[in-house]
Amino acid sequence: MSREKQSVVIAGGGSTYTASIVMLLIENQDKFPLRKLRLYDNDAQRQEPIGKACEIIVKERAPEVEFTYTTDPEEGFSDVDFVMAHIRVGGLPMREKDEKIPLKYGVVGQETCGPGGIAYGMRSIPDVIELIDYMEKYSPNAWMLNYSNPAAIVAEATRRLKPDSKIINICDMPVAIKKSLADILGLDSENDIVDRYYGLNHFGWWTEMYDKDGNDLMPQLKEHVKKYGYASANDDITNPLLAEASWNDTFVKAKDLYALDPDTLPNTYLKYYYYPDYVVEHANPNHTRANEVMEHREKNVFEECRRIVENGTAEDTSIVPGEHAEFIVQLASALAYNTNERMLLIVKNNGAISNLDPEYMVEVPCIVSKRGVEPLAMGPVPTFQKGLIEQQVSVERLVVDAYLEKSYQKLWQALTLSKIVPSASVAKELLDDLIEANKDYWPELS
Ligand code: NAD
Ligand code: G6P
Ligand code: MN
């Protein structure tokens, strides 16, 4: 089948993930052929080494693809079919603050969960909306595939502010977990697992997993998860994520999440909500995940890109196609070529979870075609999950209220309601600290 060529802009061109996504796109020219590939960032200096290196990569491996990088929105967003958005407003230095400020109060400090996620959400909303405005101005028929975090809050903000926009919010955590489960089961790929799942972004549960022949995989998986979580039973690690100690811990910890509800398999992010005391005890308030990322992923990617530019070739590059991005290519292909792919996406509930408000932004399996996404019916959720979801979704909605109304009160309520903040007084101290740290980004609250 001949497939029409697509034009893609990656927004957040200077991201630590960009080079590996470019590599992946280049290697998928049979499945998702490109006519144009562009990087867009609002920080020219940040994007420069990545842009130059990607230029060399594309010239060497797919010279037929027209490649450019820019900080000009018109150039970036004109004549595109897809915007792949992964911006980080405030960069990794602000992630570091999101993680370290809560820890000063003995509260979990995490990129997308609790106070850190709330602070990051307040920063992300205006910039993601700005990207949508650019897309709609310069390429009104394009789709935005957004995985800028915190995806749950961004999704709620776009539902409210841009209800008719062609934006789909996605996350790679379920994919990463399923990759590990496929390894454990000896399956070739996570795509060999057909699943049923419900919840919010970074806050969900699997109820069923089947193989392509319809065989139930849950009994075998539950036996494994009970003992080893999502890590493998032996040392031969094939999932690159598990090579990192902090991720390996998270995957092992899944066994304690599973213990709470043996009827389902949990998203790893539930550890921050079920076991915040454990997470805080095991955190180093002076050295958090942001520091690890800056010392490793960011440093390595930028060094490698600079090396490519100096040598003028990427023939021997260590940059590999980003496994974590495969699902973005799958999603774009489904929309472009009407593949009717089944994927977990963040969408308006609309009855998919029958005992939750139809307006909530939930994460459920969807069918993706040229016409967009259609969520599948997951039925009602049990009391335990319903209680947790109602609380968390209310936090996310209050953050968006706070942003829109510039309301101190609403943000204080959001922090107080967050399951991992112990009291309204801690919430207030935290809020005052976060306001100070985010004064260049947040609207002024009153
Ligand atoms: P990074 O800081 O290395 O890169 C982000 C880039 O975005 C930077 O180059 C920055 O200049 C740019 N940027 C910031 N604001 C912008 C704006 N308004 N317009 C254009 N560009 C802008 O961050 P990273 O660690 O590579 O992560 C990138 C993003 O991807 C983060 O939001 C991260 O949370 C997200 N992410 C999400 C998932 C998921 O599951 N949804 C998975 C991985 C990463
Ligand atoms: C997973 C999540 C993302 C999150 C990332 C953080 O992939 O799904 O939403 O941004 O982890 O990973 P890092 O390596 O930056 O800590
Ligand atoms: Mn995610």
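Start at 1 and go down the list; that is how both ligands and their atoms are numbered.
Between atom 31 (C) of ligand 1 and the options Y120, Y40, Y17, the minimum heavy-atom separation is to Y120. Looking at E130, R123, H86, it is H86 that brings a heavy atom closest to atom 28 (C) of ligand 1.
Both cation-pi conditions hold for K253 and Y278: the charged atom is under 6.0 angstrom from the six-membered ring centre and inside a 45 degree cone around its axis.
When all heavy atoms are compared, the tightest approach of E363 to C171 is OE1-CB, 4.0 Å. Scanning all heavy atoms of the two residues, the minimum distance from S180 to Y230 falls at OG-O, 2.7 Å.
For the ligand labelled ligand 2, residue R297 lies inside the 4.0 Å heavy-atom shell. At least one heavy atom of I170 lies less than 4.0 angstrom from ligand 1. The shell of residues lying under 4.0 angstrom from ligand 2, judged by heavy atoms, excludes E244. At a 4.0 Å cut-off, not a single heavy atom of A151 sits close enough to ligand 1 to count as contact. Taking a 4.0 Å cut-off on heavy atoms, R46 registers as neighbouring ligand 1. Remark: distances from the non-hydrogen atoms of Y17 to ligand 2 include one below 4.0 Å. Using a 4.0 angstrom heavy-atom cutoff, R95 does not count as in contact with ligand 1.
At a heavy-atom cutoff of 4.0 Å, ligand 2 is contacted by the side chain of R95 but not by its backbone. At a heavy-atom cutoff of 4.0 Å, ligand 1 is contacted by both the backbone and the side chain of S15. With a 4.0 Å cut-off on non-hydrogen atoms, R297 touches ligand 1 through its side chain and not its backbone. Counting heavy atoms closer than 4.0 Å to ligand 2, residue R289 contributes side-chain atoms (C-beta onward) but none from N, CA, C or O. Residue-level proximity to ligand 2 for Y147 is absent, since no heavy atom of it falls below 4.0 angstrom. Contacts of E111 with ligand 2, taken as heavy-atom pairs under 4.0 Å, involve the side chain alone. Contacts between E111 and ligand 1 below 4.0 angstrom, taking non-hydrogen atoms only, involve the side chain exclusively.
Within 6.0 Å of NZ in K222 there are more than 12 heavy atoms belonging to other residues, nucleotides or ligands.
In summary, the aromatic rings of Y198 and Y360 are positioned with their centroids too far apart to meet the 6.0 Å limit.
For ligand 1 and S148, the ligand atoms under 4.0 Å from any heavy atom of the residue are 32 (O). Close approach of ligand 2 to N149 (heavy-atom distance below 4.0 Å) involves ligand atoms 3 (C), 4 (C), 9 (O), 10 (O).
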Cut-off 3.5 Å, no hydrogens considered: what does the side-chain donor-acceptor table look like for residues 97-105, sequence neighbours left out?
{"unit_1": "D98", "atom_1": "OD1", "unit_2": "R123", "atom_2": "NH1", "d": "3.0"}
{"unit_1": "D98", "atom_1": "OD2", "unit_2": "R123", "atom_2": "NH1", "d": "3.4"}
{"unit_1": "D98", "atom_1": "OD2", "unit_2": "R123", "atom_2": "NH2", "d": "2.7"}
{"unit_1": "E99", "atom_1": "OE1", "unit_2": "T288", "atom_2": "OG1", "d": "2.7"}
{"unit_1": "E99", "atom_1": "OE1", "unit_2": "R289", "atom_2": "N", "d": "3.4"}
{"unit_1": "E99", "atom_1": "OE1", "unit_2": "A290", "atom_2": "N", "d": "2.8"}
{"unit_1": "E99", "atom_1": "OE2", "unit_2": "R95", "atom_2": "NE", "d": "2.9"}
{"unit_1": "K100", "atom_1": "NZ", "unit_2": "E96", "atom_2": "OE2", "d": "2.7"}
{"unit_1": "K100", "atom_1": "NZ", "unit_2": "N286", "atom_2": "O", "d": "3.1"}
{"unit_1": "K100", "atom_1": "NZ", "unit_2": "N291", "atom_2": "OD1", "d": "3.1"}
{"unit_1": "K104", "atom_1": "NZ", "unit_2": "D433", "atom_2": "OD2", "d": "2.9"}
{"unit_1": "Y105", "atom_1": "OH", "unit_2": "D433", "atom_2": "OD2", "d": "2.9"}

Exercise. Evaluate side chain to side chain donor-acceptor pair (under 3.5 Å) for H86 paired with Y147, printing each intermediate quantity in order.
Key: CA-CA 5 Å; H86 60 195; Y147 65 107; 2.8 Å; yes

Practice problem: Check the pair R297, Y17 against side chain to side chain donor-acceptor pair (under 3.5 Å), reporting the backbone distance first and the verdict last. | Solution: CA-CA 9 Å; R297 187 171 70 235; Y17 294 104; 3.3 Å; yes

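The number of protein N/O/S atoms found under 2.8 Å from the Mn ion (ligand 3) is 2.
Looking only at protein heavy atoms, the nearest one to atom 18 (N) of ligand 1 is D127 OD2, 2.7 Å. Counting protein heavy atoms only, atom 8 (C) of ligand 1 is closest to D41 OD2, 3.5 Å. Looking only at heavy atoms of the protein, atom 22 (C) of ligand 1 is closest to N42 OD1, 3.3 Å. Ranking the protein heavy atoms by distance from atom 5 (C) of ligand 1 puts R88 N, 3.5 Å first. For atom 38 (C) of ligand 1, the nearest non-hydrogen atom of the protein is Y147 CD1, 3.5 Å.
V194 has its side chain within reach of R342: a pair of non-hydrogen atoms, C-beta onward, lies under 4.5 Å apart.
Tested against F203, the residues Y269, Y273, Y197 include a single ring pair (Phe, Tyr, Trp, His ring centres under 6.0 Å) partner, Y273.
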